[in-house]
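Input: a single structure, listed below in structure tokens.
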2 protein chains.
Amino acid sequence: MADSCLLAKLRGLVGEAGLISDTDAMDPHLHDWRGRYRGAARCVVKPASTPELAQVVALLAREGVPMVPQAGNTGLVGGATPDASGNAVVINVSRMRRVRKVDAANNSIMVEAGCTLREVQDAAEAAGRLFPLSLAAEGSCEIGGNLSTNAGGVHVLRYGNARDLTLGLEVVLPDGRTWDGLRGLRKDNTGYDLKHLFLGAEGTLGIISAAVLKLFPRPRASAVAWLGVGNAAAAVDLLGRTAFELVVKNIPGVRPPLAGGHPWAVLVEASESLAGFDLGAELEESLMAEIESGLVADAAIARSLSQARDFWRLRESISEAQKIEGFSIKHDVSVPVSLIPNFLDRADAALEAAFPGVRIVAFGHVGDGNLHYNLSNPLGEANAELIGRSSDANRIVHDIVAELGGSISAEHGIGQLKRTELLRYKSEVEMEVMRTIKSALDPWGLMNPGKVL
Amino acid sequence: MADSCLLAKLRGLVGEAGLISDTDAMDPHLHDWRGRYRGAARCVVKPASTPELAQVVALLAREGVPMVPQAGNTGLVGGATPDASGNAVVINVSRMRRVRKVDAANNSIMVEAGCTLREVQDAAEAAGRLFPLSLAAEGSCEIGGNLSTNAGGVHVLRYGNARDLTLGLEVVLPDGRTWDGLRGLRKDNTGYDLKHLFLGAEGTLGIISAAVLKLFPRPRASAVAWLGVGNAAAAVDLLGRTAFELVVKNIPGVRPPLAGGHPWAVLVEASESLAGFDLGAELEESLMAEIESGLVADAAIARSLSQARDFWRLRESISEAQKIEGFSIKHDVSVPVSLIPNFLDRADAALEAAFPGVRIVAFGHVGDGNLHYNLSNPLGEANAELIGRSSDANRIVHDIVAELGGSISAEHGIGQLKRTELLRYKSEVEMEVMRTIKSALDPWGLMNPGKVL
């Protein structure tokens, strides 16, 4: 089909407001926000409803046109960016943004894929409930993307990943049929649990169009503390090295909560939904015991909401602060929590040997075993060498992760970025089972080609 | 292959101790424990390790022999019973019962499929941790079966189903290859989450041979209360009607915790892993407030461990008590929690119209929306009529469940029992996607044929 004919048919399905074919207007949809990947497309289609989306997919499937699903486009691995061929159509779900239903008594909410994460949080709050998924991009990322990438964020330890927060899904399959799995049930053992297949599949098996998500009681109290500790081995579940010093140095107005040079810092937030329970006192008592035992060197407990925000700001500014000092090599890895000190010892030593003087900025989600283990140049050195040797550094870090039974992508996914790397670390059996499922559900290979597999 | 030749080859793989071909000795493996299903088999094979299991499956796959995976054989839907043809080989995993590893610092345990649920609980306890899956058959059911059926039980509200307690799996695929997905990670976004495909698949996609399971801190305190309430509509999250009266009447030594005829009862257990928190006082305070508001009519709080056990015994004896009064029609359904009163009103009315005088015994897991909604004859009437009209009763109950967006099998699975029923309530699209996955992973249809699909 000639392009003009395809565009006309798509326009017929989604209307003028739902089709972008102008080069400039398409631009924001053709690269990732970090600017690492750039591609081309015939057009960007923005259906406004599930039936429109289903018709668009059915048309493109019949015509054999590759499709790249896209939501808020805030991903870090190029999963929503088309390739350079210009053959694909980008299907953006941002116009599908209705909150279809809030059921406070069932602790559930039904939303469309294009709702931003903050809109979902707000709708939950308006119903006196909590939707706990929370991450830096929450103002612009969209829930369809969060679910397709099984987003993690800062509350995984208590509430789980995006996958764990999902009760039901609606998915437009690669041939344009719609699977309505929008169930709001806590228990349902009626055959294969299809939702888990689409969650985290990065749009390669179909397009998530809507979801039923779990809500929780709102915490009545929370307490935040900043801990200084002496070493990683003594504190398997305490983490934060180097990171906060960079923030203090580079982000104006941010001060370290503790005096003295503790090599590691841990940010703790506890929350409680029961009334009549003095969480702050409980946290203080438990920290005093840990200081006495020698596990924690010093601790600062936030005495106000604004102080708690300051503590969090320190943590959330790490990436920004690191950027100011130039290029860095990033890793998003996980290992069993018990092996974090082992991983750090081995990776630190191997990197120091290969890159003398390299600065290691390690921070993350210690309770989940997830480390953002990033490498920056020694101060004052040019970036070129480090950039040129990124793959050597990746190899060193990921080989150690693999030996410890860890994951080379804990929360960001595979996308384009780690597709080759995946082949090195997954078993052939696992890759074959994944390919078998992909071929079974998308036999023409039109759904987000070149991603994950 | 002649049977004697196949048996010889199997014996060569698993040894004399791993092969049962004697009719009497096979018997316990050829029917379910309720005696509802009975089948036949060429033999029962009991491999002692994953490599043995893999070799057995590879041999049977090459020979085109159907396989019926079986663990503790305590299921309620005939999922582990072969059909009557006698073509199949039963593969029982009970000899694979090693606890391979306990990692307390990672809060995880690696066990083989044939460990009983109690053995897993005990190994966790020995490491100062809690494995929270708990159900009536825990002394004899085996973890491979619990995972293959995504077992529920009494702690789902707080800890989730078996699926939610699983970090990693090892699975022998229908062609005999082994997928090693024994990861102990909280976060891992590297492609499709294959474990969720095998969890709850009732052995139709492969045989779970081992698993890494989540452990939790042991609760430091628990508090148990028995509540009497006036109606279901006023208490969306309170349940128990009729059930406990049957227990009081039929189980010796069981007494009702409350005087007075409250039509509904709710059993509450709260637990807490923090020190320095008076859970009993907290529960009492919250119940006083609910009595004042009128939601709860009366409440008894267990004052000792033995009283708490008595309350639980009342709950756990319901099935036994109901059995003493003769045949009953059982339903294992779930609806959104908010729709429980709606479901009860409609189902009660429809059943009373169709079966005048029928006794409805409803109990379950109110926080999960899961009801065991069972029907018994009016006292003194013969069972024949009720038995003959089981499918009418199922239709009435399941149609209402479906209209409310519920599930016809909340925790027991599909097996043989609800296979036809499934076709009525699942959409054609969902059935087709399930069949596509089944054909892709088990193209010869040898793995637990006649179950689920």
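Owing to the predicted nature of the structure, the values given are computational and were not obtained by experimental measurement. Labels below follow one simple rule: chain letters A, B, ... track the order of the sequence lines, proteins then strands, and each chain is numbered from 1. Note: hydrogens, waters and symmetry copies are ignored here, and every other heavy atom, side chains too, is used.
At a 4.5 Å heavy-atom cutoff, A:Asp164 makes no contact with chain B through either its backbone or its side chain. Of the atoms belonging to B:Leu199, not a single heavy atom falls under 4.5 Å from chain A. The parts of A:Ile414 that come within reach of chain B are both its backbone and its side chain, each placing non-hydrogen atoms under 4.5 angstrom from that chain. The contact between A:Asp368 and chain B is made by backbone and side chain atoms together, counting heavy-atom distances below 4.5 Å. When heavy atoms are compared at a cutoff of 4.5 Å, B:Asp180 approaches chain A solely by way of its backbone atoms N, CA, C and O. In this structure, the portion of B:Lys426 lying under 4.5 Å from any heavy atom of chain A is its side chain and not its backbone. Residue A:Leu185 touches chain B through its side chain alone, counting heavy-atom pairs closer than 4.5 Å. A:Thr149 touches chain B through its backbone: at least one of N, CA, C or O sits under 4.5 Å from a heavy atom, while the side chain does not.
Counting heavy atoms from C-beta outward, B:Leu453 and A:Tyr192 have side chains that approach closer than 4.5 Å. No side-chain heavy atom of B:His365 sits under 4.5 Å from any side-chain heavy atom of A:Arg186. Within the 4.5 Å cutoff, the side chain of B:Arg177 has heavy atoms near those of the A:Glu432 side chain.
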Give the intermediate values and the outcome of side chain to side chain contact (heavy atoms under 4.5 Å, CB included) for residues A:Tyr425 and B:Thr190. CA-CA 10 Å; A:Tyr425 298 107; B:Thr190 52; over 6 Å; no
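Expressed to the nearest 0.5 Å, how far CE of B:Met434 lies from CG of A:Leu197 amounts to 12.5 Å. A:Ile408 contributes atom CD1, which lies 11.5 Å from atom CG of B:Asn189 (distance to the nearest 0.5 angstrom). Interatomic distance, A:Lys195 NZ to B:Asp193 CG, rounded to the nearest 0.5 Å: 11.5 Å.
Of the listed residues (A:Leu167, A:Leu205, A:Asp103), the one with the most heavy-atom contacts under 4.5 Å to chain B is A:Leu205. For the set A:Arg163, A:Glu421, A:Lys438, the entry with the most heavy-atom pairs within less than 4.5 Å of chain B is A:Arg163. Heavy-atom pairs under 4.5 Å with chain A were tallied for B:Ser407, B:Ser108, B:Ala410, B:Gly191; the largest tally goes to B:Ala410. Counting heavy-atom pairs closer than 4.5 Å to chain A, the top residue among B:Thr204, B:Leu157, B:Leu194, B:Ile437 is B:Leu194.
Across all non-hydrogen atoms, the minimal contact from A:Leu173 to B:Val429 is CD1-CG1, 3.8 Å. B:Asn106 approaches A:Ser338 most closely through the heavy-atom pair CB-OG, 3.5 Å. The shortest heavy-atom contact between B:Lys187 and A:Ser334 is O-OG, 2.7 Å.
Taking a 6.0 Å sphere around CE of B:Met288, one finds it holds 12 or fewer heavy atoms contributed by other residues, nucleotides or ligands.
Remark: A:Thr436 engages B:Ala440, B:Leu441 in a side-chain contact (heavy atoms from CB on, under 4.5 Å) (not counting sequence neighbours).
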